[in-house]
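The structure under discussion appears below in the form of structure tokens.
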Amino acid sequence: MAGASCAIRGTFFDFIDDPWKHIGHEQDAARFIHDGLLVVKDGVIVDFGTFADVSLHYPNLPVTRLPNRLILPGFIDGHIHFPQVRVPGAYGNQLLDWLQTWIFPEELKYSDRDYARTSARYFFDALLSGGTTTCLAFTTSSPVSTEEFFDEAARRNVRVIAGLTGIDRFAPDDLLITPDEFYSESQRLIERYHRKGRNLYAITPRFAVGCSGEMMDRCRQLKLEHNDCWINTHISENPSEIRTAHYHFPGCDDYTHVHEKHGLLGPKFTAGHGVWLSNDELRRFSKAGAAIAFCPLSNLFLGSGLFRLGRATDPDNPVRITLGSDMGGGNAFSLVRVLEEAYKVGMCNNTMLDGSVNPRDKDLAEAERNKLSPYRAFYLATLGGAHALYLDDMLGNFDKGKEADFIVVDWNAGQHAMRWRQSLIVEGAGPETIEQAAQLMFGVMTIGDDRNIDETWVAGKRSYKKTVEAPQF
Ligand code: GUN
Ligand code: ZN
């Protein structure tokens, strides 16, 4: 094809469907091409398939070879806080105290343009070095931080969704924004950034504890006027937070009702956490087409509780799920680390379901769905996240027409004995079968970290290359 601008040859692993729909034969949801070719033009995939087939159509195209690596779509982080990049790993508090003690003082600094700009560089360096190529992010209530976030994303050409954070109570005065100011600044920012380059806008009420009914009404008004925009918030993360939300919205039956009442729950709505959502609330999320960002690092680091992945993936009422690092409530940027903790959260949920210590109804199907197989894990990190965020028409796998964001994984890098562990699965040149590829990636997610991300490509261009070599032994 005339005009194709680059081609990548290597071993590809991506998803074409939801593995939870294929329990017992999850490979059917995945795609593995041992010797494949990905052809990219202007940042978009124009061809993909086996090297033998696809290369015939591009006889003169220079090919970049990436041997001894697995190539996956870029990771999607569906819940992250830009202004918390400097404060992960803060000691000693659960959510509400943690916000007051560590987070709000730091976020106040982001009305300073230089501070926000410098931090944005660190933020995107960290994101890309962990293999994350798309995120749904919170900024602060300062338009300055929101502008600097979008401007840096545009310089990197990264696909992001973000927006000015609405909070008009429960924070220091200088971090509060009135509903009117929030409305007018959101209007201005939507005009300036939404669908400009790869930037997308999310109307962002921080959480019910920090948002008055008037603020929520302004969000509803913005959504009515800009239906194409996303909505980003937090829900049912921590018991004290939930009690406080009930106190502020006494007319609402539960936390989800707050968003229903203000016309927000629906497609393109994503709420972080949802740890304590009832079965009925999960059903309403499913029906509405709304998404939950599962943030296991944060579930554990802030001691919030365990998200019920198996319940949320009930085939009768499946909720759209994306993964979130929740940096800095979560203590790492790396989606590989997020998957590790997600696996552990699922296993702990099954102890609860087992009934031996803390009896709950035993549900074997739910227990099975709690287990994060490598297929389910890397689906969530790629196509599943894209589906949850309503981005799957643009990205998430290697289908033609999608944006060419991908990562190059070295399954042997990381901990000292990684190569020895992985050599139980493959020796020498790499995986020959889809199951070997999946098992290597399971090793990456359970033993590995961002050292396994060798390269990150954004819109067909290499944006990150690891400089420290894996130990050879
Ligand atoms: N709820 C409201 N704000 C935040 C935040 O910054 N982090 C987390 N984890 N939860 C929140
Ligand atoms: Zn959060």
Side-chain angles (χ1 to χ4, degrees), residues 4-16 30-31 33 36-48 64 66 69-80 123-137 149-150 152-162 195-200 230 322-325 333-336 338-339 377-410 441 444 450 452-466:
S5 45
C6 79
I8 309 295
R9 182 177 182 180
T11 303
F12 293 83
F13 185 48
D14 72 342
F15 292 85
I16 50 173
R31 178 164 56 181
I33 301 185
L37 192 68
L38 184 83
V39 183
V40 178
K41 184 180 181 213
D42 298 331
V44 173
I45 298 165
V46 291
D47 216 338
F48 177 58
T64 302
L66 297 169
R69 297 287 183 265
L70 272 169
I71 305 170
L72 274 77
F75 293 147
I76 297 168
D77 188 333
H79 187 103
I80 188 165
F123 179 90
F124 281 102
D125 282 349
L127 212 63
L128 293 168
S129 66
T132 300
T133 53
T134 293
C135 68
L136 169 57
F149 179 84
F150 277 132
E152 186 62 23
R155 281 190 281 276
R156 312 270 182 143
N157 198 24
V158 171
R159 168 81 57 202
V160 296
I161 316 174
R195 293 208 186 269
K196 303 287 159 48
R198 302 187 79 193
N199 286 335
L200 300 169
W230 278 253
T322 173
L323 293 164
S325 64
F333 271 88
S334 164
L335 260 282
V336 171
V338 169
L339 289 173
F378 288 96
Y379 167 75
L380 284 185
T382 59
L383 186 64
H387 174 71
L389 299 180
Y390 289 81
L391 295 174
D392 48 331
D393 57 334
M394 297 179 196
L395 47 83
N397 66 8
F398 295 123
D399 282 354
K400 283 186 217 174
K402 293 208 180 176
E403 296 166 349
D405 295 338
F406 58 89
I407 58 173
V408 182
V409 176
D410 177 356
M441 290 306 296
V444 168
D450 48 3
N452 294 94
I453 309 302
D454 193 25
E455 300 182 8
T456 302
W457 291 59
V458 171
K461 297 212 167 91
R462 197 171 71 179
S463 295
Y464 166 76
K465 166 75 185 162
K466 191 176 71 167

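The figures that follow rest on heavy atoms only: side chains count, while hydrogens, waters and symmetry mates do not. Predicted, not measured: the structure shown is a model, and the values here were computed from it.
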* Just checking, any donor-acceptor pair under 3.5 angstrom between side chains of Asp77 and Ser325? -> yes
* Asked: Is there a donor-acceptor pair under 3.5 Å between the side chain of Thr133 and the backbone N or O of Val158?
  -> no
* Flag side-chain contact, heavy atom, 4.5 Å: Arg31 against Asp399 -> yes
* How far apart are the closest heavy atoms of Ala153 and Val160, and which atoms are they? -> CB-CG2, 3.7 Å
* Electrostatic pair Arg198:Glu403 at N-O distance under 4.0 angstrom -> yes
* Report the C-alpha distance between Leu383 and Lys402 in whole Å, list the side-chain angles of each, state the deciding distance to 0.1 Å, and finish with yes or no for side chain to side chain contact (heavy atoms under 4.5 Å, CB included). => CA-CA 11 Å; Leu383 186 64; Lys402 293 208 180 176; 3.8 Å; yes
* To do: Identify the two heavy atoms, one from Ser5 and one from Asp42, that lie closest to each other, and give their separation to 0.1 Å.
  => OG-N, 3.6 Å
* Asked: Rounded to the nearest 0.5 Å, how far does CZ of Phe378 lie from CG of Leu335?
  -> 9.0 Å
* To do: Please report the shortest heavy-atom distance between Asn199 and Arg159, naming the atom on each side.
  => N-NH1, 4.5 Å
* **Interatomic distance, Leu66 atom CG to Glu455 atom CD [nearest 0.5 angstrom]** => 5.5 Å
* Asked: Side chains of Thr134 and Leu391: closer than 4.5 Å at any heavy-atom pair?
  -> yes
* To do: Given side chain to side chain contact (heavy atoms under 4.5 Å, CB included), test Val408 with Ile8 step by step and report yes or no.
  => CA-CA 11 Å; Val408 182; Ile8 309 295; over 6 Å; no
* Looking at CD1 of Ile16 and CG of Asn397, how far apart are the two atoms once the value is rounded to the nearest 0.5 Å? -> 8.5 Å
* Plane angle bin for Phe15 and Tyr379 - parallel if under 30°, tilted between 30 and 60°, otherwise perpendicular -> perpendicular
* **Side-chain heavy atoms of Ile453 within contact of Phe75, under 4.5 Å** => yes
* Asked: Just wondering, more than 12 heavy atoms not from Lys461 lying within 6.0 Å of its NZ?
  -> no
* To do: Locate the shortest heavy-atom distance separating Lys41 from Val46; write the atom from each residue and the value.
  => CB-CG1, 3.8 Å
* is_close_aromatic(Phe12, Phe406), centroid dist under 6.0 Å -> no
* Structure fact -> Tightest non-hydrogen contact, residues Ala386 and Gly396, listed as CB-CA, 4.1 Å
* Any side-chain heavy-atom pair of Met441 and Leu72 under 4.5 Å -> yes
* Asked: Looking at Asp454, Asn452, Thr456, which one forms a side-chain contact (heavy atoms from CB on, under 4.5 Å) with Lys466?
  -> Asp454
* Structure fact -> Result for ring-ring contact (aromatic ring centres under 6.0 Å, His included) between Phe124 and one of Phe149, Phe150, Phe333 points to Phe149
* Structure fact -> d(Ser463 OG, Ile407 CD1) to nearest 0.5 Å is 13.0 Å
* **Close side-chain approach of Arg9 and Thr64, heavy atoms under 4.5 Å** => no
* Asked: Is Trp457 reaching over with its side chain to a backbone N or O of Ala404, donor-acceptor style, under 3.5 angstrom?
  -> no
* **Derivation and outcome, side chain to side chain contact (heavy atoms under 4.5 Å, CB included), residues Lys400 and Asp47** => CA-CA 6 Å; Lys400 283 186 217 174; Asp47 216 338; 3.4 Å; yes
* Find the distance between CZ (Phe48) and CD1 (Ile33) and round it off to the nearest 0.5 Å. => 3.5 Å
* **Shortest non-hydrogen contact from Ala30 toward Phe13** => CB-CE1, 4.0 Å
* **Donor-acceptor pair, side chain of Asp405 and main chain of Val458, under 3.5 angstrom** => no
* Asked: Can you check side chain to side chain contact (heavy atoms under 4.5 Å, CB included) on Leu70 and Val444, steps first, answer last?
  -> CA-CA 11 Å; Leu70 272 169; Val444 168; over 6 Å; no
* About how many Å separate CG of Leu136 and CD1 of Ile80, when rounded to the nearest 0.5 Å? -> 10.0 Å
